[in-house]
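Here is the structure we will look at, set down as structure tokens.
Below, chains carry the letters A, B, ... as their sequence lines are ordered, and counting in each starts from 1. Worth knowing before you read on, the calculation uses all heavy atoms, side chains too, and leaves out hydrogens, waters and symmetry mates. Computed from a predicted structure; not experimentally measured.
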Amino acid sequence: MATQQLIKSVPSIPHTPKELERQPLVLNGRGIGWLSDHIAGVAEGRTPKWWWTAFVPSFLIMLVCFSMVLYLMSTGVGVWGLMIPVAWAWDITNFVFWIGIGHAGTLISAILFLLRQRWRTSINRAAEAMTIFAVICAMVFPLIHIGRIWLGWWLLPLPNANSIWPQFRSPLLWDVFAVSTYFTVSLLFWYMGLIPDLAVMRDRAKSKIRQMLYGLGALGWTGSNRHWSNYEKAYLLLAGLSTPLVLSVHSIVSFDFAVSQVPGWHTTIFPPYFVAGAIFSGFGMVLTLMIPLRSICHLEEVITTRHVELMCKVILATGSMVGYAYGMEFFIAWYGGNPYELYAFKNRAFGPYWWAYWTMVTCNVVSPQLFWFKWCRTKMWFVFVVSIFVNIGMWFERFVIIATSLHRDYMPSNWAYFQPTWVDIWQFVGTFGLFMTLFLLFIRFLPVIAISEVKGVTPQADPHHPLGGAKTGGHH
Amino acid sequence: MKTIPPPCPEPVSGIKYWRSLDDLAQAPEFRQWVEKEFPQGVGEDGDAVSRRHFMKIMSASFLLAGFGLSGCRRPVEKILPFSKMPEGYVHGVAQYYATAMPTRGTAIPLVVKSHEGRPTKIEGNPEHPDSNGGTDTFAQASILGLYDPDRAQRFAKDGNNVTREAALDFLTATAQRFAGNGGAGLAFLLERSSSPSRVRLQAELARKFPSARWHVHEPVDFDVHQAAASALAGVAAEPYYKLDQAKVILSLDCDFIGAEQDRCRFIRDFARGRRVNKPGDAMNRLYAVEGLMTLTGINADHRLRVPTSQVLAVAAAVAAQIAPDNAAVTALAGRFPLPAGVKPEWIAECAKDLLSQKGASVVLAGYRQPAAVHVLANVLNAALQNVGKTVSYHAPASAVASALPLVELARSLNAGQVDTLVVLGGNPVLNAPADLDWATTQRKAKTVVRLGYYEDETFAASNWHLPAAHYLESWGDARTSDGTLVPVQPLIEPLFGGLTELEVLARLGGLPANRSHDIARETFRGAVGADNFEDKWKKFLHDGYLAGSAAKPLTLAAFTPDRAGAAFTAAAPLPAPGKDNLEVVFHRDYKMDDGRWTNNGWLQELPDPITKIVWDGVVLVSRKTAEELGLRSAQQTEREHGVVDVVEIELNGRKIKGPAWIQPGLADYTVGLSLGYGRKRDVKGGTGRVGHGAGMYNAYALRTSGAEHIAAGAKVRKTGESVTVASTQEHGSMEGRPIIREANAEQFKAHPKFAKNMDLESHTEHLIMDPKTGMPKMIYEHPYEGYDKRKGQSGKDLSQQVFKSDTHQWGMSIDLNGCVGCSACVVACQSENNIPIVGKDQVSRNREMHWLRIDRYYSGAREKHHNEHVDDPQTVVMPMTCQHCENAPCESVCPVNATVHDEEGLNVMAYNRCVGTRYCSNNCPYKVRRFNFFDFTKRPLGELYKSPVTSFNEGEWEVLRWWKDPEKSSRPEDEWELLKLARNPDVSVRMRGVMEKCTFCVQRIETAKISQKVKAGASGDVRVPEGTFKTACQQACPAEAIVFGNLLDPDSRVSQLKKQERDYSVLGFLDTRPRLTYLARVRNPNPKMPDFREVPLNIKEYWDQQLGEPYAEHAAHSHDAPAHGEKKGAH
């Protein structure tokens, strides 16, 4: 009683008014113990039915992917629908599509980390995993699309007796460096973040094998101050290192087009436009994965509506940038006075591939605009549908850029219409199998949310918080 | 790296060493011993014909190599070392022999390249007095026919194998049998030929068998030229045109550029007459009257589109203007009124133009036209005083004096008068008129002996079948169209022991000399006399022609009107075609001819020069006819990847079905049908495996005697089915882009710089120019410079830096005014560079491999507008190949440095280094790079999509088979072994996954450089002199439109041409700086004609694009030119 009076008598510290208070990042005041149990629990215990239901078809589709690769390698690139003039089609479309998806993970983990966006913690682990798997899917295509796959290593700058080096003027070579660096750094970053959580898994593990395997991954993590201090530093450094990569990878991928002189490719707007598009598509994919995940694994209290809403806002912002870029391309095509370029853009919108162009515009420009409305951002099924649209739209964006520019370029005598073959289609579908297989394995064996980081953003982590410090445990 | 020159024979001097005293003594015993030690035939030095022996041995070893011996799978290769080299022979260095390819009534003089005893490339004989070394597509492709695995390889009786001896014995027995009765019951069916030896043998046989009957059948017969001239002159006479002398040419459905006999000579002369070097140069003017869209039509300055049957009426109207006092002509013109829609001014102005150039004009009639049109043409040439100037008459080279037509043979067969029918060549079961039902009719002879190149349709209806020798395996002779005697000299022993026509005739006649070599020599002896015969014979073979043997022009008496009148009164009018009375025109196919080339992959895959269709014959209809029939529009077809409607054509109760193709420029209510497609589907007893299934319809099924070329009264019905037709160019409009630049002669005179004023490069003055080179300054260091700076650092004087070779810089110039689109260069390139064929399916997927293509654009035919010109487009063609850009966009994007520049300005491909990212193709603005999507060379075309992992070949797993022997092909062994022989050993064969493209025939450049180096010796004069070699396309081009050479030589032709005002680069604004530049096209229309257009339609479309003003200095006369001028300032 007395204390209460005392507090009342203190000239009031202005409290944040209720309506201005930030929504908590973990709902229902869930504590640290609950988080450990709940998140680690997804990867523990008996394998749930839903997992098998998703895994078996994914695995089969992955096998389709591999058999398509085998068919392609043994027979020739001709099994695809590629031709002259459209010498790149679904292969590079898929490559850029998957690489683009890979952007969200590192953006969330690196840029948002540096910007102190605490909400990232609930989604960064899965987003990073998605990045790595997407980059793996992406890397399949440049490797298999070349005519003599067995000589792909010639793109690497390996010293050899003939002193033949790759050609450093070629954007394809830059791609090799950019993508492999990005993959390596992303993988390291992801693994770095996993170490404390792997220790949690190790400590919770019941079987010897699990203990040993998680133990190997945890690298002897004990959670000591010294460990944490080193960890935080390294994490910050890696975040700093990955941040430029987020921007560089897709810029360099865009150089494949921008550096060439094909009308419709040869534009300076490509690097920023590609990066914006990549983030856009990456967040689209994160949402596509997270919305089912949070409900199946009952993680609504950790991946909250607020998280989803924030991601929707990113989508709205980047979607608008992409829309601006589309408009600007047309403006420059007209303003630049180059009739070949003007034709390329007219042809995109009104030529034989008009349907692809307008699918792209509907999905990428129109659909994200719905996120101006709060209702749209907070209805999970709705967000899910829009995220699917974003994925479709971004695939079409790459297809439109690649195929419609090539199919009618300078010499009308070469003009032709590209059509995919069944191998094209199954190759693409197959990479989804590969992606989903890897992602499901990730869900099953690793903590899908960064446990230690989420704990760090709960009020309980604050020693001065009424619930914080070691004063109270989590309640179950 | 230093190139090691090939061994150079030097005169023996200094000390001579010997192996033994015997050797020194050259003792006869020793010689004998040497001879014995080595296999027979190897050491026969001193023999006058040792080269022939060499070839015998080489071909024998090829025969041993597997394809001659059935059942012997593994090739047995025997390498025979030369104990003494044949004179001048260096292993690996090609040899050249003069020969000739016989055609129907004439021959094409050739020089054939031979590698290690196998012919590999055909080129024209430029030494021949009536040749510039140009050839046509058929001559170029004929070499593939030599190595055709489906050619007849056996002697057969009733389809069963017999020995060669048995067959020859049968011929001898036949000769003896008919010797008794004077040849009664013996009938011959021949093709046309100009061979004097055949004439001689025929005469001898006719003496022996006076009752034997001689027949000639050609489904496409050019005899009408000679027949009409002879009828008019009263003596046997053949017209011989000199187009280079003509200023005005009127073609009455005469496709002299594409479908007439001797087209390479016509093209040469026509192109010469059109050559302009500077503004104001005189050039000829071509008027064409035709129903189909032909190569001649697209090259015409004025083209009158009338149904083929109505050409006679137009001809008569022109004639009535030119020779108004010729009663026969005016009577004819009275009988045939001008077809509807033809403007009388067209006729009047055309006639005036012809009259204004008396003695320098010429009127030509096409083989499809009836005799009356030919007679008219001759009468007109006489009236225009052209005889002796642009046209002369000489005694016909091809003479089967007493030859009867096929109908006569059918009559005697049906009457049972023929005991033994000898069919020499031809394929009458395929191509005889349908009403003769030849397969049955031929069977009515007791015995049919046939000499044939294929076991085709006629094979099945013959008793004895003798395999024919290819002309490259035969001895013989022929006359070119000017009458010059040329030898047909073999390059190789018959691969399958085939016989020549001469041999069969000689054996049937029981003549003592029955080897064709002896026969040809005998004939030649008769021509030149016995004095000094061997020397003359050797010179004849060496030169490839007999100098001074050209036919002397005949002095004909004036054509009498009554002779002409007879032909005119015989002319029966054909009704003007209409909706329910369509007119069918059967045309000699640009690729298949009459069907004789069906199994030739190069020709099958050669795009038709007009339609650009491959592997198919189509039913040509005009836009209007198609609309009335409710067929898919051309635009739809383009969008749907060549899916077209199938129509059924009914003519006098006979029906065929074929894919309809809308052809701009075709006369309305005309249906054009190609000959030679849709043959029997069986591989054996049909087309062979290449032509198997090519084409949907067989036009011969509709063709009846009397209506061989034009038939009235057809009905066409849309069937509702659709089918895919593969074409190499789906989009026909240039979209107003200045890719082919052209102007009328008058505009060229007024604005000589028109070609350079087009496209965006006329706007790029803002680029920082390098005062030294006069070219825009480079932002980046030029790859050359990097290369040479290193050289400089390695000790050379830096002030003397040479950035690139100062000996050779190669360049090419193509004169669009000369190019007529005949496509000989395309086949020549394919032959020279081992370019594979890919099949119809792959072409329809845009994966053709031709390094050189001919783009064809219609202007005024933009479907969008449906304007007045849509049915009468102006058509232009352009050979397009690697431009060898100095700033090559392909080079900078290749991640592995597989395509790079060399010091001499070539953009070269290192196939071994290529991994196949295809980025170079994407970045090539000209899209001239070709990608091996499959292993086209090694895999059968029908099985490209079969994975080796899942397929078996000869009972063995394909992967294992390939692993054991990577050289193995998946093709059948016989096909593979023969295919290998046809290859040019100087050019690597590309595997799958590799990009390829035109190299400017780098192998020829290097050969020339090496031999020049050898020749130069210590003098250091290593620059290859002008004219030493030609690229394959240049070599084949009869129009002399392609010129290649050294740009550093200011006197070279290519340097001179590039200085012309008309010189321009395609897409020059990209600053790719192509080494291949074009000379803009100049049209020469007559301003008084009703269809005169002040500017070419291309320029009209170009104006819409606002890309700079071609007539910048003087733009007053064009409607919106000033506006463009202002716009130009804005850039």
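The environment of A:Tyr71 atom OH is dense: over 12 non-hydrogen atoms of other residues, nucleotides or ligands sit within 6.0 angstrom. Around the CH2 atom of A:Trp265, the shell of radius 6.0 Å holds more than 12 heavy atoms that belong to other residues, nucleotides or ligands.
No side-chain heavy atom of B:Asn923 sits less than 4.5 Å from a side-chain heavy atom of A:His266. Taking 4.5 Å as the limit, some side-chain heavy atom of B:Pro948 sits within range of a side-chain heavy atom of A:Thr75. A 4.5 Å side-chain heavy-atom check between B:Thr917 and A:Leu172 finds at least one atom pair inside the cut-off. Taking the side chain as every heavy atom from C-beta outward, A:Ser413 and B:His731 never approach each other to under 4.5 Å. Side chains of B:Phe934 and A:Val77 form no contact here, defined as non-hydrogen atoms less than 4.5 Å apart. In this structure, the side chains of A:Met411 and B:Leu1067 come closer than 4.5 Å at one or more pairs of heavy atoms. Under the 4.5 Å side-chain criterion, counting only non-hydrogen atoms from C-beta, B:Leu1070 is in contact with A:Tyr410. The closest side-chain heavy-atom distance from B:Val896 to A:Pro166 is not below 4.5 Å.
For the set A:Asp175, A:Leu72, A:Val262, A:Asp409, the count of heavy-atom pairs under 4.5 angstrom toward chain B peaks at A:Asp409. Between chain A and the options B:Arg929, B:Arg853, B:Met878, heavy-atom pairs under 4.5 Å are most frequent for B:Arg853. Comparing A:Val259, A:Ile164, A:Val86, A:Leu173 by heavy-atom pairs within less than 4.5 Å of chain B, the highest count is held by A:Ile164. Note: B:Asn846 leads B:Ile739, B:Asn846, B:Val900 in heavy-atom pairs under 4.5 Å with chain A. Of the listed residues B:Cys914, B:Cys924, B:Pro925, B:Ser921, the one with more heavy-atom pairs under 4.5 angstrom with chain A than any other is B:Pro925. Between chain A and the options B:Phe931, B:Tyr945, B:Tyr926, the largest number of non-hydrogen pairs under 4.5 Å is found for B:Tyr945. With chain A as the partner, the residue from B:Pro889, B:Ala898, B:Pro895, B:Gly732 showing the most heavy-atom pairs under 4.5 Å is B:Pro895.
Heavy-atom distances place no part of B:Ser951 under 4.5 Å from chain A, backbone and side chain included. Within the 4.5 angstrom heavy-atom criterion, only side-chain atoms of B:Thr1072, from C-beta onward, approach chain A. For B:Lys946, the part sitting under 4.5 Å from any heavy atom of chain A is the backbone (N, CA, C, O) and nothing else. Proximity to chain B is absent for every atom of A:Tyr353, based on heavy atoms less than 4.5 angstrom apart.
One distance of note links OG of B:Ser733 with CH2 of A:Trp415; it measures 7.5 Å at 0.5 Å rounding. Here the straight-line distance linking atom CD of A:Gln261 with atom CG of B:Asn922 works out to 11.5 Å at 0.5 Å rounding. From A:Asn414, atom CG reaches atom CG of B:Asp855 across 6.5 Å, with rounding to the nearest 0.5 Å. Here the CZ atom belonging to A:Arg148 is positioned 5.5 Å from the CE atom belonging to B:Met991, to the nearest 0.5 angstrom. Atoms CZ and CD, from A:Arg408 and B:Glu735 in turn, are 7.0 Å apart once rounded to the nearest 0.5 Å.
Side-chain atoms of B:Asn897 come within 3.5 Å of backbone atoms of A:Trp165 as a donor-acceptor pair (strictly under, hydrogens ignored). When atom types are taken as modelled, the side chain of A:Gln167 and the backbone of B:Glu891 share a donor-acceptor pair closer than 3.5 angstrom. With B:Arg918 contributing its side chain and A:His145 its backbone, the two residues share a donor-acceptor pair below 3.5 Å. Of the possible polar contacts, one joining the B:Arg847 side chain to the A:Gly78 backbone as a donor-acceptor pair under 3.5 Å is found.
The aromatic rings of B:Phe1069 and A:Tyr340 lie parallel to each other, with less than 30° between the two planes, well short of the 60° mark.
In this structure, B:Arg737 satisfies the cation-pi test against A:Tyr343, with its NZ or CZ atom closer than 6.0 Å to the six-membered ring centre and inside 45 degrees of the ring normal.
For B:Tyr919 and A:Trp88, the gap between ring centers is short of 6.0 Å.
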field: side chain to side chain contact (heavy atoms under 4.5 Å, CB included) evaluation trace for A:Ser74 with B:Ser947
entry: CA-CA 6 Å; A:Ser74 62; B:Ser947 167; 2.6 Å; yes

